[in-house]
Amino acid sequence: QVQLVESGGGLVQAGGSLRLSCAASGRTFKTYASGWFRQAPGKEREFVAAISGGGGMTAHANSVKGRFTISRDNAKNTMYLQMNSLKPEDTAVYYCAAALSYYSALKEDGMDYWGKGTLVTVSS
């Protein structure tokens, strides 16, 4: 069982930066791939980024590539999403999730555990 808690959301102006954190419970976090998804108002939840358990493989959605960076620190049982050059269209609730395999972590229905989300609002 893995419990995930997101933090770091908030209100930021366009062009600004935020770093989201996802704290995981349990000593087995490093065996799970993990990722970030987001859901904007009135839209379906979408993939943002994923990272393998050891951190050696990453993937980012085209819409955030070059602006967002996923990373993890297994010693701290924490995953991060560094978000730079934020745009109003990045406004959403951001969720972290964990999966048993990296390729499962690329898909919403592949995730086994979810956090409750943290709201990011980007003003123009």
Side-chain angles (χ1 to χ4, degrees):
Q1 189 92 11
V2 176
Q3 292 184 324
L4 304 170
V5 179
E6 304 93 337
S7 61
L11 174 64
V12 63
Q13 287 189 329
S17 298
L18 280 176
R19 188 176 79 157
L20 304 183
S21 298
C22 174
S25 65
R27 288 177 284 184
T28 60
F29 180 58
K30 64 181 179 182
T31 66
Y32 286 85
S34 53
W36 292 94
F37 289 74
R38 68 185 181 184
Q39 187 167 21
K43 295 188 177 181
E44 294 186 350
R45 191 154 55 183
E46 64 176 2
F47 170 80
V48 176
I51 188 167
S52 59
M57 292 189 291
T58 62
H60 297 79
N62 287 336
S63 59
V64 306
K65 204 168 289 184
R67 299 188 299 122
F68 292 10
T69 303
I70 190 171
S71 63
R72 65 191 295 162
D73 184 343
N74 286 336
K76 296 182 178 179
N77 272 10
T78 303
M79 178 180 64
Y80 305 97
L81 184 68
Q82 179 66 43
M83 304 187 296
N84 299 327
S85 302
L86 282 159
K87 303 175 181 180
E89 52 263 43
D90 294 319
T91 294
V93 177
Y94 283 72
Y95 299 89
C96 69
L100 287 173
S101 76
Y102 173 70
Y103 294 102
S104 293
L106 301 175
K107 304 172 295 181
E108 181 178 357
D109 61 5
M111 291 300 191
D112 297 293
Y113 302 101
W114 290 88
K116 294 184 178 181
T118 185
L119 177 63
V120 171
T121 303
V122 184
S123 63
S124 57

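Scope of the values below: all heavy atoms of this structure, side chains included, with no hydrogens, waters or symmetry mates. Index from 1, following the sequence.
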Shortest non-hydrogen contact from [X] toward [Y]:
{"X": "Ser34", "Y": "Arg72", "answer": "OG-NH1, 3.2 Å"}
{"X": "Gln82", "Y": "Ser17", "answer": "NE2-CB, 4.0 Å"}
{"X": "Ala24", "Y": "Val2", "answer": "CB-CG1, 4.2 Å"}
{"X": "Gly35", "Y": "Met111", "answer": "N-CE, 3.8 Å"}
{"X": "Ser104", "Y": "Ala99", "answer": "CB-CB, 4.0 Å"}

Show me the side-chain donor-acceptor pairs of residues 54-66 shorter than 3.5 Å, one per line, residues at least two apart or across chains.
from  : atom 1 : to    : atom 2 : distance (Å)
His60 : NE2    : Ile70 : N      : 3.0
Asn62 : OD1    : Lys65 : NZ     : 3.2

Backbone N or O of Phe29 within a donor-acceptor pair of the Asn77 side chain at under 3.5 Å? no

Can you hop from Tyr80 to Val5 via hydrophobic side chains spaced under 4.5 Å? no

Counting only pairs under 3.5 Å, give me each side-chain donor-acceptor contact of residues 116-124, with atom names and distances, residues two or more places apart or in other chains.
from   : atom 1 : to   : atom 2 : distance (Å)
Thr118 : OG1    : Gly9 : N      : 3.2

How about CD on Glu89, more than 12 heavy atoms from neighbouring residues, nucleotides or ligands closer than 6.0 Å, or not?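 Correct, the count exceeds 12.
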
Just distance, no hydrogens or angles: give the donor-acceptor pairs under 3.5 Å from side chains in residues 43-50, sequence neighbours left out.
from  : atom 1 : to     : atom 2 : distance (Å)
Arg45 : NE     : Glu108 : OE2    : 3.0
Arg45 : NH2    : Glu108 : OE2    : 3.1
Glu46 : OE2    : Arg38  : NE     : 2.6
Glu46 : OE2    : Arg38  : NH2    : 3.1

Among pairs that include at least one residue of residues 40-124, which meet disulfide bond (SG atoms under 2.5 Å apart), considering only residues two or more places apart or in two chains? Cys22-Cys96

Return each pair, listed once, that meets disulfide bond (SG atoms under 2.5 Å apart) where at least one residue sits in residues 34-88; pairs must be two or more places apart or across chains.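 Passing the test, one end in residues 34-88: no pairs.
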
Run the numbers on Met83 and Leu20 for side chain to side chain contact (heavy atoms under 4.5 Å, CB included), then give the verdict. CA-CA 8 Å; Met83 304 187 296; Leu20 304 183; 3.7 Å; yes

Distance check, rounded to the nearest 0.5 Å: Ser101 atom OG versus Leu106 atom CG? 8.0 Å

Just grab all the ring pair (Phe, Tyr, Trp, His ring centres under 6.0 Å) pairs involving residues 89-124, residues at least two apart or on different chains.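 Counting only pairs at least two positions apart or across chains, the ring pair (Phe, Tyr, Trp, His ring centres under 6.0 Å) contacts touching residues 89-124 are Tyr32-Tyr113, Phe37-Trp114.
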
Going by heavy atoms in the side chains, are Phe68 and Leu18 under 4.5 Å from each other?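 Of all side-chain heavy-atom pairs linking Leu18 with Phe68, none is under 4.5 Å.
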
